[in-house]
Structure formats: C-alpha cells, structure tokens
4 protein chains.
Amino acid sequence: MLDIIALRRDFHQYPEVGFTEFRTASKVVEILTSLGYDVIYGKDALDGDSRRGLPAEEVLDEAFVRALRDGANVDILEKMKGGYTAVIGILKGKEQGPTVAFRFDMDALPIHESIDSDHFPQAKGFRSKYEGNMHACAHDGHTAIGLGLAEKLSDRNFSGTIKLIFQPAEEGVRGAYSIVQKGMLDDVDYLFCHHLGTGVPLGEFHGGASGFLASTKLAVHFHGISSHAGASPEKGRNALLGAATALLNIHAISRFSSGSTRVNVGVLEGGTATNIIPQHAKMLVETRSVSEEVNEEVERRVKKIIAHSAEMHELQHEIQVIGSAIPIDCDLDLVTLAVEEARNIEGFSSCKNFGDSNSTGSEDASFMIRRVQENGGKGTYMIIGTGIPAPHHHPKFDIQEEVLPWSVELLERIARRTLT
Amino acid sequence: MLDIIALRRDFHQYPEVGFTEFRTASKVVEILTSLGYDVIYGKDALDGDSRRGLPAEEVLDEAFVRALRDGANVDILEKMKGGYTAVIGILKGKEQGPTVAFRFDMDALPIHESIDSDHFPQAKGFRSKYEGNMHACAHDGHTAIGLGLAEKLSDRNFSGTIKLIFQPAEEGVRGAYSIVQKGMLDDVDYLFCHHLGTGVPLGEFHGGASGFLASTKLAVHFHGISSHAGASPEKGRNALLGAATALLNIHAISRFSSGSTRVNVGVLEGGTATNIIPQHAKMLVETRSVSEEVNEEVERRVKKIIAHSAEMHELQHEIQVIGSAIPIDCDLDLVTLAVEEARNIEGFSSCKNFGDSNSTGSEDASFMIRRVQENGGKGTYMIIGTGIPAPHHHPKFDIQEEVLPWSVELLERIARRTLT
Amino acid sequence: MLDIIALRRDFHQYPEVGFTEFRTASKVVEILTSLGYDVIYGKDALDGDSRRGLPAEEVLDEAFVRALRDGANVDILEKMKGGYTAVIGILKGKEQGPTVAFRFDMDALPIHESIDSDHFPQAKGFRSKYEGNMHACAHDGHTAIGLGLAEKLSDRNFSGTIKLIFQPAEEGVRGAYSIVQKGMLDDVDYLFCHHLGTGVPLGEFHGGASGFLASTKLAVHFHGISSHAGASPEKGRNALLGAATALLNIHAISRFSSGSTRVNVGVLEGGTATNIIPQHAKMLVETRSVSEEVNEEVERRVKKIIAHSAEMHELQHEIQVIGSAIPIDCDLDLVTLAVEEARNIEGFSSCKNFGDSNSTGSEDASFMIRRVQENGGKGTYMIIGTGIPAPHHHPKFDIQEEVLPWSVELLERIARRTLT
Amino acid sequence: MLDIIALRRDFHQYPEVGFTEFRTASKVVEILTSLGYDVIYGKDALDGDSRRGLPAEEVLDEAFVRALRDGANVDILEKMKGGYTAVIGILKGKEQGPTVAFRFDMDALPIHESIDSDHFPQAKGFRSKYEGNMHACAHDGHTAIGLGLAEKLSDRNFSGTIKLIFQPAEEGVRGAYSIVQKGMLDDVDYLFCHHLGTGVPLGEFHGGASGFLASTKLAVHFHGISSHAGASPEKGRNALLGAATALLNIHAISRFSSGSTRVNVGVLEGGTATNIIPQHAKMLVETRSVSEEVNEEVERRVKKIIAHSAEMHELQHEIQVIGSAIPIDCDLDLVTLAVEEARNIEGFSSCKNFGDSNSTGSEDASFMIRRVQENGGKGTYMIIGTGIPAPHHHPKFDIQEEVLPWSVELLERIARRTLT
C-alpha cells in the first residue's frame, strides 16, 4: 500500500516548476501503470500549441537532464521531452456508468525554501533539493492525494469510468487549457477539483468555492533600435520610453462600474547599459475581473495601450498570452453531495457549501469545469482546510499532513457515490 | 510731410493682433495711395488658405467693427474683412531697374500695457486704447518707418521698382507665408527685412542676423467621450489622459546630435467638471531647431506621439499647423552693403556685419527671404539697435523714438543704392 | 394659497448656481417670513469659512447685482452678500415635541437650457432667463415643495418644532457642510431629505436610498516659472509637466480590495502660449469610494502624488477641498414610516423601502444626516419618482409637475406624524 | 626585447572588464619590475572607496580565480584581490628633472567577439578566450604600447621621473578618479593620454582632442512593498510605477540654451511576477553636457525627479554615482609639442593640433588632466589614427597593428623631449 505522506515528502524534495514536472510526472505514470490504469501522457495528454508561458528550451532541457539524473524512468521521460508533462490515468469499473474525473496539479514555484529550523520540511529532512524551487502551494500534497485515490479505486468496484488528471503548470494559470484543448475533458460527466489550505483551517471543508477571477497574463516585447546615447541619441528608438508609457497608461485604465477589476505590470526589464539607447524591453502584465466580459475589455484596452505606446516611439512589439483563467460556477448538486460525504469523515468537523474566504486569485481548473458544463456535465471546486504556518507562496509555507489521508478518503467516497 | 513719431504713437494706441490689423492696414492703404503708390491689399495681397492660426470668426468680426468705429475707411476695410490685412505698395522709378522690397510687420500682442507712470507711452498719453492688446514688439515703429520710407521714395528718382510689404501676423510666425504663397515675392531681386531692438543698444547696427530657428507651431484637439466619473467611468474616453501622455512624451523626444532643438507644450486645456470624464482637450505645441531638417523630424515625431496618444485612449484628434518659420541665411553682399550705408548715418556709431546676440527666436520673414533666394535674388535681415526699458513682449516694453528717423534714412539709402 | 407650480416655474426662469442663489433665497426668506416662521439666514445660517468651492468674488458680485435688478429685496439681499445664501425657517408647534427638519436644495447648474420647442419649459415660456445657467436637477421643484410644506404647517397644529433648511450649493457637494458647521443640525431629532427623479418613474416612491459614495473634490494649483521656450527653456519651471505627471499617476492609483473606488481629473488647464514655458496649471480632481475610509486613503494618495509631482519639477502648489460627501446610512424606522405615509397618497402606486437604482453619485445631505445621527437622532434620504425626458444635468431635463403637490402632501404627512 | 604585437595579442585573448584586470595587471607588474621600475599597485595605487561601479563580490572573486588558473602570479594577484587593479611604474632618470606621466587603460568590454573568419583576431587565432568579454576599444593595444615605452625608457637616459599609469575601468568612466584620489597625479608636471582609433585613419595624428562631455552615471534603486495583485493591490507600494514616472520625466528634462545636453535611462529592471505588485526596481541613468556646470544641473534635476517619483509612490530609494567624467581642456603647449614629434615619425603623414572628430563620448582621463592642471602642470589627450573595420564597441572591432610600434616611438620622443 502506498505511503502518501512519504510520497508527498518525496515530491516536496524535488519541486519542479510548470512544464518541467519531468520527475514528478514520470513517477505518477509508473504508479498509475502499476495499479492497472490506462495511462495517457506526453503529447497524447495535452495540446502542445495550447500551452501558455512555456519555459525557454534550455530551461526545459536542463530540467529534463536533472530528472534523468535523479532517477526518472528514461523511457517514460522521453515522451515528455519539451514540456509535455500531463498525465491522465483511466480505469473502467466492473459495470457501465458515468465518467467521473478528479484534477490534481503537480507544479512547484520559483521560491527559495526556508532553512529555518522551525520549518517542518527542514526539520524533518525533506526540504527542497532543487535550490530556488519549492512546493509552496501544496501541489505536492495534491499529487500524493491523487495517487492515494488511484490506489483505493484500483479494485474497480464501481460503475463507470474514473479519470485522474494530473496537470502541469497551474501556477500562472497555464497548463489546464492545453489539456482541455486536447479533448481530455470531453467525455467527463462530473469533475471534482480541490485545493488544500487557502486560509481555511484544519477540519473545515467547503463543497464549493466562489470568487475566482477571470484573468489574462500577457508577455510583451518592445523592439527598438539601440544607439550611442551621447553621440547620436536621435538615431535610437527607445524601447523603455515605450514601455514606461505603456506601464503608466495600463495602470490608469478606468475602473469599471460593471465589475471590479485589477491590472498589474508585474515585470519590466529593458536596456543594457547607461550609455546605450535601450533597444529592447520586456513586460509581464495581468488583468483580472469578476466578470469574464469585463476582463476581456480590460485586456483589449491593455493591448491597445501597448500597441500605441510602441508605435508612438516607432517600436515593433509582440504580445503573447501566457496564462488565463475564467470564473468558476460550481454546480450546487456536486457542492452539496461533497459536503454530505465530508460529514461522514471524522476529521472534518465543519462542513459548508461555500466559505467566507474571498480569495481573489484565479484558477485554470476553470477551463476544465467550463468544458464539462458546456457538454452538459457538472463540476465543483472544493476547499479542504489545513493550518498553514505561512501564506501560500511563502518560503515557510507548509501543510498539516494529517489532512492527506482524510482527503483521500473523502475523494474516494465522492467517487464511489457518483460512479453508480 | 509725414510725422513718423506721431504715426508710431497713433499705431501704438490702436494695437491690433495678427490678422485683425484692420485700422492699421487701412491707414497704410490710405497713406500709400496718397503718395502715388499702386496698392495691392485684401485678397489680392495674400492667399487666404495659407494663413496660419487665423482667429475665430467672431474675433475677426469684433475687431472689424472696432476699426470701423475708430474711423477706418469703410471702403478699404470691406476688402480686408475676414482677416485679409496685408498691404503692398508698389512704385516704379523713372528708369528701368531691379525690384527692391522691404518688409514691415504691423501686428500687436495680447498683453496688458503697463499703467505705471514711468512707462513712456503712459506718461505721454499714447498708451493702448485696446485694453489687453499692446505693441510690445516695436511693430508700431516698423510700420511708421515703412510709411516714412514710402514718402521719401515717392519722388520716383530711382531706377527700378520699389515694393513695400506691410505684413500681418508676424507674432506666432503666421502671416508671411500667405503673402509668399500669393506670389508677392516672386519678382523681387533684393529683400531687406529688419527689427528694432532685440537687445542691441541704440547706435548699434547689424547688417545681418543669424541664429533664427526653424520652428513649427501646432494646435491639437483631442476628442473623447464624456461620462459620469462615478456612475460609469468606463464608458468615457478620457481626452486628458491622451493629452497628458502626449505632453510627457513630446518633452521626452530625444536630443539631436545633428542640431540643437526645442519642444514645448505651451498650453493644455481640457475637461469641464470634477465629475465628468473629460471629453475634449486642446494643446498648443511648438518645435524648433537650428536645422530645418531636424525641425521637420521633431515635428514628425510630435505628430506621431499625438496620434498614438490619442488612439491609445480611443480618441479622435486633429492637428493644425498654426505657425512656422525656417532659418535665415543672409546674403553677405547685402549685409555689407547695409553696413556701408549705415556708417554714413550719424546715429549709428557701431556697425557690424553680424552681432553677438544669439537670439533663439523665429521669424517668418524667413519664408520671404527664402523665396527671393530661390529665384536667384538676395535678402538680409538687419537689426537696428534701440534701448528698451523692458524685454520684448513685456508690459513695459518701449523703444527710443530717435531711432525712427535714422531708420528711415538708412532704408532710403539702401533703396537708392540698390535701385540703379 | 401658494401656487407651487407657479413658484417652481419662477425659480426655473431664474436659475442661480451654487452660493449665488441671491434671488431664490431672498424670495424664500420673504415667503417664510410672511407665513410666520422665524427665519435664519445670511451669516447666521452657515459658517463662511466652511463653504467649499466658493465662486470668485466678481462672480458673486455680478450675481448679486443681477438679483437686485431682477427684483430681489435689497435689505434681505444685503445680508447674503458674498455668498451667504442659506435660509432656515423655524416654527414651533402649539405643543412641546421633537425637532423635525427637512432639507431642500436651491442651486442650479452651468448648463445651456434647450431651446427645442418640445422642451416643456421652452414651450410653456418659462425657460431660463439666465443664459448658460439652468435648473437641470429639479432643485427648482425641491424649493417649491419646501415652500408648499411651509404653508401647510403654518397652522402650528403639531407638537414640537419644524425646521425647513433651504441649502445652497448642493451641486459639487459644497454647501451642506457649512450649515452643519454652523450648528444648524445640532438640535434636530429627525431629518428628512429627498430628491425628485434619479431614474425612478412617476408614481414610485423609495423611503430610503443607498449607494451614495464618499467623495472629495479638490482644486489644485501648480505654480512654476515662465521662460521663453526657445531662448532659455532651462530657466522655466514647467507647471504642465508637473500637472501631466500628477494626472497620469492619479489615474494609476491602485484599485482597492477593501472597497470600490473612483478617481478623476476632470479639468486641467495651464499655460498661455506656444512659446512660453507654462507657469501655471490648474486641476480639478475627485475621489470616490463606497467606503469613507478608503476614500480618505485615496484622497491622501492623490495629495501625495500632487505634492511630489510639483516638487519634482520645482513647482509650488496648493490644494483646496472644494467639495465632499460621505455615505448615507438611512435609519430604517424613518424609511418605513415614510413608506407608510406614501401609501396613503393616491399618486404613489409603488412604494418601496429601497429601490434598485445603484446611483453612484454623492450627496452632501450626508453630512447633515451624519450630524443628526451622531447626536442620537435619525435621518433618511427619500426618492420621489418622476418621469424625466432627459437625464439629470442634460439641457432637456424636466420633471412632471404633478409630482409637486403629491410631494408636499407626503412631507406634510411625515411632519405631522413625527411632530407628536 | 619585448614583442609588443605579441603582447597585444596576449592581452586580446584574455580580456578582463573594469576592476577585474587581474591577469593583465599582474603581467604589467611583472614586466615593469623586470625592467627596473618601482611598481606601485593594489591598495597603494588607488583609493578603494573612490572606485565607481565596482562589480559584485562574486564577479570579482570569479575573475580572480580565473586569472589564477590562467597563470597569473599569485603573490602579485593577492594584493589586487577585490578589484585593486591599478598599476603605476616609476623610474627616475640619471638627472634631476620634471615628472612626466603617461596614461594607459587596460580594461575590456562585455561583448561577444565575432567568430567570422574575416575577423583578424579570429583568423590569426588570438580571439578572446573569455567568452562574452572582448577588447573592442583598443585598450589591449594601449597596454602593449605602455609596456613598449617602459622598455625604451629603462635606460634611464633622461632627466626627471617617468610615471607610467596603467588604469583599470576606463569603460563607464569609473577607474581614473580612484587613482587621482590616491594622490598618484599630485607630483606630475606633464601628463600625456591618448587613444587609438576613434574614426581617425592610419597615418593621422592629433596632438589634442576636444569635445569630451562632462558626464555622470547613476545607479538607482527603488524599494516598495510587494503584495498580491489580485487579492490586495492597495497594500503594495509599486516600485515600477515610481521608476516609470522617473524615466519619463528624466527624458523630459528641459533642453539647455547654455550648453547641449544628453540624458538616458539606459536600463530599467523591476518586478518578479505578473501577479505581484513590483517591490523593487533598478535603473541606470546617465547625464552629459559639453559644460560641466550644465551637467551638474542636469544631474541635480535627475536626482530630484528620482526622489519625488519615489516618494510619490511611498517608495524608498538610493542613488549611487557609478561613473563620471568632466570635459578635457588640452594645453596647447603639449599639443604642439606632440605634433612636432609626430612629424618626425615616418608613419604619421598627417599631423594636426585638433581633428574634426566631434566625438561626443566621455573620458575619465579628464580627472587626471584636471588634477595635473590644478597643480600648475599641463596635460593633453592625443588621438593616434588607425583603420578600424567596425566601430568601437562592435564585435568586429580591430586595429592595424603597425600603429603600435609607431606609437611607442612617438611616446618615447615625447618623453625624452619633456624629461629635460
């Protein structure tokens, strides 16, 4: 039997950021295969061109080699080369029935994990071995829960088909869309997604979540002409002047009476030396809104500002969508079903349909839920509470591991109840 | 015989700004006619469509009525209606010979003249009667000198043709171009222009002037959509956001290694109330450079910045050229000829080819000189010194009137020397 | 008996903007006095230093003279000189009881009234005689209702004291605060304010209103140094560069997760000519938020941006608060009491506690209600529906006059019910 | 006898950027010592705190280790650790006399050298071995010339003292100041500096150079507060908003009528992720002017803009001077002396006092010349022509090596002529 706490700690030690989950994903393939699942992965599990914010080739290559070195199965790995790191395990029950899917995200973050002795993974010896990367958003736990659930259901004592989706690159809302575009959600009747933590304490469970914002993440490049800043400044075309103009005007986009919004230029980098007119600038921008339509309008305005800030200074520019999410509308049937099942588990002392957390984050599971709903199916996004010593994305983030077996038990109950 | 000091004081009392010189110009027509000159004026003397920065119709009408009220000849005036206020007096000598032209500008400035008792025009009782307007750049003197010269040459004791050009709207470099475009300079062999003052002391004379900058003046309108700033800000299109973006970026235009430059947004006005998204904004911009080509390039960049600042915020915009000037390249022949003649006049104790003044102003006589030179003729721009108690364009500006008869004598000498 | 429709039409013909309501207010004084009220007005009714956005002295003087010319009582008028145009009528009932106040605003707007023949005031011959000013927000009706109510209650058949507050300068949320600061609300137990229209149809009545935003209106002056833009631009200190920088950064103030916000630079004006470095710029700014605290924080940030935009360019600056409002929290007791009374009036076929209108405007009656509530009293802000052919603040705005007698009847009922 | 062409090629293969010239400088120490010079280096030759734009410690360490690996003398190297890479060779002649100094700069640039077969160093096999660094400004040649001169003068057949200054970090105008501050120039009577190339063809020599601009290079850090851009943007303090505001306003600094200027924000980098309010931003800025005073005024304005852009957004900031230069005023005595000596050398067919090149670069030899002149000595900056296949700072830059022995001969003649 799988030791899911040991699994979580193993994943924690080898944190891999979006689309570089080579070691993690190959381990998932091995375990699912050993449990009797049909396993779809590599180019079969996601649409390459629909991946957003794919890392540079050398980053992908380096992570690939690192995974090899750290013992990943070379045959499996070969199929994931270049960032094809989604894994989907499928198992048919003994009887006919609906298709029920669960989503687990696997990626880590580019954060230096704390070395403080009061940081649990440090104290217990399972701190990150990939310096600069860290599981600071509980996806190590999610992946372990997914494997635990896989083992439970390997008895095939259910009617219908179970589909376990292990997703890369949730951070930056980049990976889910490519799995949806590959058609992996097209046959799903019920979809259950979840997250650990998010401010909800241990013992509390929410059958649904609201407040996820529509969001778009853009990478922008401005290309000008460099020139010596003393000898011939007029021959340059200054990429930073265009970028700074765009930055100010993007932040100055109007508030919307039709729905609250957010805009942020999170990164701006340009130029090479004090005495050179900057030839190139790069900008990362995001937009958000409670309303999908308003987010689209804000995104349209951002693009317009960028285009004309560039042309004003006779710059070329490119804009790429490197991430996006839409709001989530949980189906109340599944919300209440999940709450009912949670009440049967001793660990969950407080079970609600929806909680008070007004998270204003974004989730690309939204694309999966939307696709299932478009096809007449149903979906929900559940919150499973756990105490966290520091916020998500913090160097001292951690979870309470007792929540892992409770979660496996809950998901198993939900699966068996719906697979009938 | 004309009393040119009295004439100067009369013009000083009735200061008329660019294209509203109805009273001044009609008086010039009357005197030139009485002296036997052929007089071209109204639509015959300038090209209406080439006038730059024409005042609004109601301003023109009001000034017209004022001139009528103040005794201008109605028949003459009628031909100037709508801002056709150029006057050209032509007289053929007794013999054949070249065509020699002199330029005199007639317009005043929108400045409140000082009421201090030490201000000479106030003390002597000839302060401006048109409150808010003032001859603060010596054009009253220029016009009086022109009429004095006309009288001297009315004997026709010369060979060739004398052409006296009385120009409207030199301030803002707006009027000369329309006279040139009407072809009035096409037959001129020698052209002499001049200015009183400019920091040169009484008794000093410069046969030529350098340092005039190429310049373009632009009026810009941004048109957006107003909306309630509280209820639906997103429905507005904010003209001031576009204008402010343009303003900052215009000032941020690169320095040029190929010639020193200037840019200025001299005026920005927009919006109507605190709680309304501004629908309209107006901007006055100027560019300058020692180099005509560089000025054109700066003007091109300004227009580009304006266009894209507007489009960035989904505004309409219009750009009008309301004034322009080019550099002046004085012909050394005429410069030295003028200096030689000046040396014969007692008042001028110091005569130089070019002075030290690095005026960085602009002059639209530049278009006239350029046209003459393009046709194989020659031109110069002379500086006639006079003490001034306050700088040009200042409420206490004034000239020393003894310079007026000296100037008439000098121009007469130059005319008779060249008309042979 | 007063003809309140005739009164409304009279006020409509003589529209006076904030703090210039000389004719209107003196008429109110005359009528209240004739009905037996104690009348407080002039410097006794408001605190001069607390008036916000007071017009320039010459504007006040001109309006004063105009009111005199148009028949206002000179003795009354004299006490209002300089913009002291609040009027408060007080009448004690035959018995002891609470103090109940009603607020009526009297000011008009700087809008050109329509001359279209289908515009009711034009068709009926009571269009504005003060060209450029217009009652386009129903305050003419409010004032007429107030006088109608005064007449009804002049029988003194009630217990307690009635206080009728006729306020200047509601537009721009400028006048109420000065009345509050004078202590005029300190003895009030119940305060009823109302507005006609606001999108609510004829026959509908709301006992309370919500959604009023906290707001601050600021007038900002930047003072630099002018200089010739060609000859010595470096000697100038450019007020428009400071203002444009402030404008962009004010609009770029962060969204707040703690409450929706608005910012607007409604007006920017600066500079005098193309060739002068702009010496002065003026800016009108407003901030809003559903939360008073958030509005204060946004206002703080706006002021900081202005101060440092000025200092960055070595400019002096001043910031004046020219208007402000806070949210309104209606007391449910009074809301339901008002609705109960409205139901007794035939004209009101639909009566609600609160309507659906999510007005995002601001009201300075908020200061009055807040003061009453701080002293343990209660207040509400009611909406009385009327069809309007064009939105508030539009040249064709009008009301349905039948709402005027209904409103008088309603307020009388409320007064008699509470004055016990 | 030294093979200076071989020496130049050796330096070319091991290009070391400013303050990391460990291998180059230690070789210089070895050779000077072997020739009998007293050699001052390490902390004795420059003032550590006066070094500008010192690289980060790890960069210094890495370069140090690299130099060790590539054969540098460990004992010498130890004294240079941490970026103390100046070397000064001193030799007294057989007789008493003046102190004559020559300056040679040793540093390379962070440029990838061309691998094209027509690039001479590539073809001849002496292309850079330090990938990413390159001698693209002829300092390899300068250093070789300096050693060649050292050898010639080692006979001590002169009167007075020869001082050969091998300077680090000329690029970015960073190193000279620290040598001056150590007092190394205080006893110098005549100082000769030179540069190869700069657009002057082989065979041409200029005894002096003009047009060097005063310049200041600044590194700026803005420190704000990060926050989640969706959940609580208002809690952040946005470093990029401050930086972008500074960038636009720095470029918008007025032109100066008192001397042409340059400003450039060459680098801007800030922020970490799309969904984080940027906490930090870094900016590199430079100012220039033909006038030292104007450059100081522009620098003052830049600092003011930075300070208030930071405070406007409640950011902390730091500004460091990382480089600077002043104009150079060559002493005509030395200029003509140098030209006279050059005429004796066959290679120089065209010798001028000053050339036409209007280089608008900056040179920190300016600080050395200024110090000598302040003490009553004299200095000049000479240009020694050489064909260059590509501009300075270009991946294909190269020199014609025949100029090296000519240069040694010229400097020897100058030295012997002045050392009397």
Side-chain angles (χ1 to χ4, degrees), chain A residues 53 109-110 171-173 212-213 215-219 226-233 236 238-241 243-251 262-278 281-288 322-323 358-362 391-393, chain D residues 53 109-110 171-173 212-213 215-219 226-233 236 238-241 243-251 262-278 281-288 322-323 358-362 391-393:
Chain A
L109 286 154
E171 299 293 346
V173 287
F212 288 111
L213 299 178
S215 181
T216 309
K217 324 286 185 190
L218 304 172
S226 67
S227 187
H228 192 279
S232 51
N238 190 327
L240 275 175
L241 270 181
T245 297
L247 188 148
L248 281 174
N249 280 286
I250 286 169
H251 282 278
R262 299 284 185 272
V263 285
N264 190 45
V265 177
V267 172
L268 172 58
E269 292 173 351
T272 55
T274 54
N275 61 347
I276 304 291
I277 304 295
K282 177 189 172 185
M283 200 182 247
L284 300 182
V285 190
E286 72 166 24
T287 65
R288 297 179 194 245
I322 57 166
N358 57 343
S359 79
T360 34
S362 302
H392 289 250
H393 298 204
Chain D
L109 286 154
E171 300 293 346
V173 288
F212 288 112
L213 299 177
S215 182
T216 309
K217 324 287 184 187
L218 303 172
S226 67
S227 187
H228 193 279
S232 52
N238 191 327
L240 276 176
L241 269 181
T245 297
L247 188 148
L248 281 175
N249 281 284
I250 286 169
H251 282 278
R262 300 284 185 274
V263 286
N264 189 45
V265 177
V267 172
L268 171 58
E269 291 173 352
T272 55
T274 55
N275 61 348
I276 305 292
I277 304 295
K282 177 190 172 185
M283 200 183 248
L284 300 183
V285 190
E286 70 167 26
T287 65
R288 297 180 194 244
I322 57 165
N358 57 344
S359 79
T360 34
S362 303
H392 289 251
H393 297 204

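Per chain, numbering begins at 1; letters A, B, ... match sequence-line order.
Both the backbone and the side chain of D:Ala229 have a heavy atom closer than 4.5 Å to some heavy atom of chain A. At a 4.5 Å heavy-atom cutoff, the contact between A:Thr272 and chain D is made by backbone atoms alone. For a residue to count as touching a neighbouring chain, one of its non-hydrogen atoms must lie under 4.5 Å from one of that chain's; by this rule D:Ile276 touches chain A with the backbone only.
Contact count versus chain D (heavy atoms, under 4.5 Å) is highest, among A:Glu286, A:His393, A:Glu269, for A:Glu286. Heavy-atom pairs under 4.5 Å with chain A peak, among D:Leu248, D:Leu284, D:Leu268, at D:Leu268.
Distance check: A:His251 NE2 to D:Thr245 OG1 gives 10.0 Å after rounding to the nearest 0.5 Å.
A 4.5 Å side-chain heavy-atom check between D:Asn238 and A:Val265 finds every atom pair outside the cut-off. At a threshold of 4.5 Å between non-hydrogen side-chain atoms, the residues A:Val263 and D:Pro233 do not count as touching. In this structure, the side chains of A:Leu241 and D:Leu247 come closer than 4.5 Å at one or more pairs of heavy atoms.
Taking the side-chain hydrogen bond (donor to acceptor under 3.5 Å, both in side chains) definition, one finds that A:Asn275 meets it with nothing, sequence neighbours left out. Here A:Ser226 pairs with nothing under the side-chain hydrogen bond (donor to acceptor under 3.5 Å, both in side chains) rule; sequence neighbours left out.
Considering every non-hydrogen atom in both A:Val267 and D:Ala273, the closest pair reads CG2-N, 3.4 Å. Here the shortest heavy-atom pairing between A:Gly266 and D:Pro278 reads O-CG, 3.5 Å.
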